[in-house]
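For reference, positions follow the sequence shown, starting with 1.
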Amino acid sequence: MSKRARRSSFPEVVIERETDTEESSDEEEDEVELENDVVEADEPDVEEEIEERKREDDGDSSIADKKGKGKAPITISLKKVCKVCKRTGHQAGFQGATYIDCPMKPCFLCKMPGHTTVNCPHRVAMEFGVIPASRKRTHSSLDYVFERQVRCGVPSIKPAFVIPDEVNCAVIRYHSRRVTCLEFHPTNNNILLSGDKKGQLGVWDFGKVHEKTVYGNIHQALLNNMKFGPANDGTVYTASSDGTVSCTDLETGFSTSLMNLNPNGWQGRNSWKMLYGMELNAEKGLVLVADSFGFLHFVDTRASSKIGDSVLIHKKGTKVVGLHCNPLQPDLLLSCGNDHFARIWDIRRLEAESCLHALPHKRVVNSAYFSPLSGSKIVTTSIDNRIRVWDSIFGNLDTPSREIVHSHDFNRHLTPFRAEWDPKDSSESLVVVGRYISENYNGAALHPIDFIDISTGQLVAEVMDPNITTISPVNKLHPRDDVLASGSSRSLFIWRPKEKSEVVQEKDTSKILVCNGKGSKKFGDDSDNDEDDDDDFGDGFSSKKGKKPKHKKTNIVIMPSNSSKKKKT
């Protein structure tokens with residue numbers, strides 16, 4: 001049969017569009033995904049309905065089938081489908097900087113029915129509905145101990161907050177994949193460590209700006225957490241989704257594997273263990289790590305090996321994404337995970353179902369931290385758009401002291417948002433967290449970084465830069481200086497207060513480093529295509545074999561800021 005005869009045997013395809021959806025929305029959706037740096041769930045944007053028309057006369061139909069001619073055309077109707085409720089006739093999501101709610105669902109921000117995200121009262125005033133701090137005393141023995149031993153170190157007058165609100169320096173496209181964690185050096189104020197989705201560890205001296213190193217031979221998957229060694233600040237412990245704990249020398253880049261939960265390699269998603277939460281107990285010389293099956297593991301830093309048996313601390317089969325030891329009582333451990341709970345443990349008598357208290361949440365808990373000075377408060381970040389605060393661990397922990405509505409409920413291909421304390425705030429009331437829903441600032445859709453007073457729920461400040469159009473989910477405040485480090489996509493930014501930043505610019509020029517030899521006017525123009533090597537089982541772990549990550553050499557272009565008069569080489 002000839003090619004012409006084959007083609008004539010197929011019926012004609014007729015594509016029909018709805019009158020209100022004649023214009024294709026592919027370009028709009030691409031802009032929305034790039035603007036938010038988020039790839040939505042793998043759901044089709046159009047619903048294809050194929051209907052084949054039958055002939056009334058069966059005899060004519062059989063004859064036409066034999067001859068291969070006269071088949072009825074196939075009609076394909078393209079209809080827009082809502083990504084939220086999967087129904088036709090409407091669409092939900094971002095339209096520029098405006099989030100359009102699905103009429104079949106409650107408000108995306110506060111999860112309450114009766115209004116939309118655009119006119120949500122929590123979006124206008126974040127402290128709306130937040131219960132103020134209680135002044136009641138129960139006169140219990142625990143309250144007495146708290147007032148005598150802890151409260152005396154907390155000043156009664158709240159100091160003025162110092163907000164880093166201007167970009168002082170940055171390194172653009174520093175990592176090959178999105179940033180997952182940040183950590184400041186414990187003794188050197190200008191050293192910032194960063195981990196990314198590919199498992200690389202970056203060391204950046206933002207004081208000299210151009211001095212940076214990326215070690216790509218430490219882990220094979222997401223670098224989820226890092227902690228500096230208590231005895232040697234030149235070493236850092238890291239935990240990864242490849243199931244390993246490593247100790248790396250920052251000067252040489254030499255890495256030693258302390259524990260490997262997958263010694264036999266890939267055996268299937270049901271047996272592959274990933275490490276997320278990590279904490280370091282300096283008194284006992286232990287590194288505590290938690291895996292994706294709900295177990296807690298212990299690594300002895302002196303013996304450089306795993307010790308003891310693993311303990312189930314969360315629901316079996318769920319991820320434990322965060323661990324934090326109390327700063328005054330390191331034996332108190334706070335954990336959180338995908339089982340919708342944050343739990344308090346005593347590691348001196350740690351066993352399954354022996355937690356001191358369980359703090360329930362409605363959805364996944366991204367992070368849980370004790371307050372940095374007294375350790376008496378707890379702040380958690382849940383994916384239900386709530387920041388929960390407990391004012392005292394000695395009081396009633398059944399319900400939080402207050403819940404603050406904040407936009408950090410995302411889909412995927414984005415590092416989870418975490419509200420982190422300001423370690424310099426003596427009142428222990430200031431936290432920093434990135435925002436998911438964009439806002440319209442003079443026509444630009446930006447995602448600010450929020451500073452929130454958790455004692456009142458008030459938004460203290462929202463910092464942004466018109467050149468940063470991507471989301472900044474990873475934020476870290478400096479423990480000694482008025483500096484904020486933020487990770488947005490593959491780039492790192494250093495924020496300082498405007499007063500200090502202007503003084504520094506007069507003495508020394510601020511620099512913007514653009515890696516890979518590609519310049520861009522807007523920092524957020526680089527898209528992080530995390531879907532390239534993502535898979536459902538590994539949370540970004542690449543199952544390709546035979547390739548090991550290598551140290552990547554990149555070309556660096558140093559661009560002076562507009563206010564600089566001299567150019568350094």
Worked check of ring pair (Phe, Tyr, Trp, His ring centres under 6.0 Å) between Phe128 and His122 = CA-CA 6 Å; Phe128 176 82; His122 293 277; 5.2 Å; yes

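- Looking at Thr415, its side chain does come within 3.5 Å of a backbone N or O of Val179 through a donor-acceptor pair.
- Ion pair Lys498/Glu166 not flagged as a salt bridge, since none of the NZ, NE, NH1 or NH2 atoms sits closer than 4.0 Å to an Asp/Glu carboxylate oxygen.
- Contact detail for Trp421 and Leu477: the closest heavy-atom pair is O-CD1, 4.2 Å.
- Taking every heavy atom of both residues into account, Ile494 and Ala485 meet most closely at CD1-CB, 3.9 Å.
- In the model, His219 has a side-chain atom that pairs as donor or acceptor with a side-chain atom of Thr244 under 3.5 Å.
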For side chain to side chain contact (heavy atoms under 4.5 Å, CB included), just list the numbers for Tyr174 and Val214, CA-CA rounded to whole Å, side-chain angles, deciding distance to a tenth of an Å, and then say yes or no.
-> CA-CA 9 Å; Tyr174 179 30; Val214 177; 3.3 Å; yes

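- Arg480 places a side-chain heavy atom less than 4.5 Å from the side chain of Asn189.
- Interatomic distance, OG of Ser491 versus CD1 of Ile172, reported as 4.0 Å (0.5 Å rounding).
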Evaluation steps, side chain to side chain contact (heavy atoms under 4.5 Å, CB included), between Leu288 and Leu333 = CA-CA 10 Å; Leu288 291 77; Leu333 177 66; 3.9 Å; yes

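- Put simply, the side chain of Arg386 gets close to the backbone of Cys110: a donor and an acceptor are under 3.5 Å apart.
- One finds a salt bridge joining Asp450 and Arg435 here, because a Lys/Arg side-chain nitrogen approaches an Asp/Glu carboxylate oxygen to under 4.0 Å.
- Although no hydrogens or angles enter the test, the distance criterion places a donor-acceptor pair under 3.5 Å between the side chain of Ser407 and the main chain of Ile437.
- A side-chain N or O of Thr117 and one of Asp101 form a donor-acceptor pair less than 3.5 Å apart.
- Here the closest heavy-atom approach between residue Lys212 and residue Cys515 is recorded as CE-SG, 3.4 Å.
- Under 4.0 Å is where a charged nitrogen must lie from a carboxylate oxygen, and between Glu428 and Lys377 no such pair does.
- Put simply, the side chain of Val171 does not reach to within 4.5 Å of the side chain of Ile512, judged on heavy atoms.
- Side chain of Arg402 to backbone of Ile454: a donor-acceptor contact under 3.5 angstrom is found.
- The distance from the SG atom of Cys181 to the NZ atom of Lys227 is 9.5 Å, given to the nearest 0.5 Å.
- Residues Val289 and Met259 form a side-chain contact, since some pair of their non-hydrogen atoms from C-beta on lies under 4.5 Å apart.
- One finds the CD1 atom of Ile404 at 10.5 Å from the CD atom of Gln458 (value rounded to the nearest 0.5 Å).
- We find the CD-CD1 distance between Glu211 and Ile191 to be 8.0 Å, quoted to the nearest 0.5 Å.
- Taking the six-membered ring for Trp and the full ring otherwise, Phe161 and Phe451 have centroids separated by 6.0 Å or more.
- Classified by interplanar angle (parallel below 30°, tilted 30° to 60°, perpendicular above 60°), the ring pair His408/Phe417 is tilted.
- A donor-acceptor contact under 3.5 angstrom links the side chains of Ser427 and Ser429, judged on distance only.
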Candidate pair Val130 and Val405, rule side chain to side chain contact (heavy atoms under 4.5 Å, CB included), full reasoning = CA-CA 9 Å; Val130 177; Val405 176; over 6 Å; no

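- Between Ser367 and Val321 there is no side-chain heavy-atom pair separated by less than 4.5 Å.
- When Asp481, Asp165, Asp482 are each tested for a salt bridge (Lys or Arg N to Asp or Glu O under 4.0 Å) with Arg496, only one passes: Asp481.
- At a cut-off of 3.5 Å, with distance as the only test, a side-chain donor of Thr187 or Asp233 sits close to an acceptor on the other residue.
- Between atom CG of residue Asp242 and atom NZ of residue Lys273 there is a gap of 14.0 Å, rounded to the nearest 0.5 Å.
- Between Asp291 and Lys319 there is no salt bridge, since none of the side-chain N atoms of the basic residue sits less than 4.0 Å from a carboxylate O of the acidic one.
- Checked by atom type, the side-chain pair Asn260/Ser257 shows no donor-acceptor distance below 3.5 Å.
- Side-chain contact of His447 with Ser472: a donor-acceptor pair under 3.5 Å is absent, judged by distance alone.
- Side chains of Asn225 and Thr238: no donor on one and acceptor on the other come within 3.5 Å.
- The minimum heavy-atom distance linking Asn224 with Tyr276 is given by the pair ND2-CD2, 3.6 Å.
- A donor-acceptor pair is defined here as one N or O able to donate and one able to accept, closer than 3.5 Å; no such pair exists between the side chain of His361 and the backbone of Cys336.
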Where do Tyr99 and Thr116 land on the side chain to side chain contact (heavy atoms under 4.5 Å, CB included) test, with the steps shown first?
-> CA-CA 9 Å; Tyr99 183 85; Thr116 62; over 6 Å; no

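- Not one N or O on the side chain of Trp495 forms a donor-acceptor pair closer than 3.5 Å with the backbone of Ser486.
- Contact of the Leu430 side chain with the Ile163 side chain is registered, since non-hydrogen atoms from C-beta on lie closer than 4.5 Å.
- Of the inter-residue distances, the one linking Lys197 atom NZ with His175 atom NE2 reads 14.0 Å to the nearest 0.5 angstrom.
- A cation-pi contact links Lys111 to Phe108, judged by a cut-off of 6.0 Å to the six-membered ring centre and 45° from its axis.
- Proximity of a side-chain donor or acceptor of Thr248 to a complementary backbone N or O of Leu250 within less than 3.5 Å is not detected.
- Counting heavy atoms from C-beta on, the side chains of Lys424 and Pro479 never come closer than 4.5 Å.
- Considering only heavy atoms from C-beta on, Glu183 comes within 4.5 Å of Phe228 through its side chain.
- Counting heavy atoms from C-beta on, the side chains of Thr381 and Val365 never come closer than 4.5 Å.
- Not one N or O on the side chain of Ser255 forms a donor-acceptor pair closer than 3.5 Å with the backbone of Ser246.
- A donor-acceptor distance shorter than 3.5 angstrom exists from the side chain of Trp272 to the backbone of Ser241, with no hydrogens or angles considered.
- At least one donor-acceptor pair under 3.5 Å links the side chain of His324 to the backbone N or O of Phe370.
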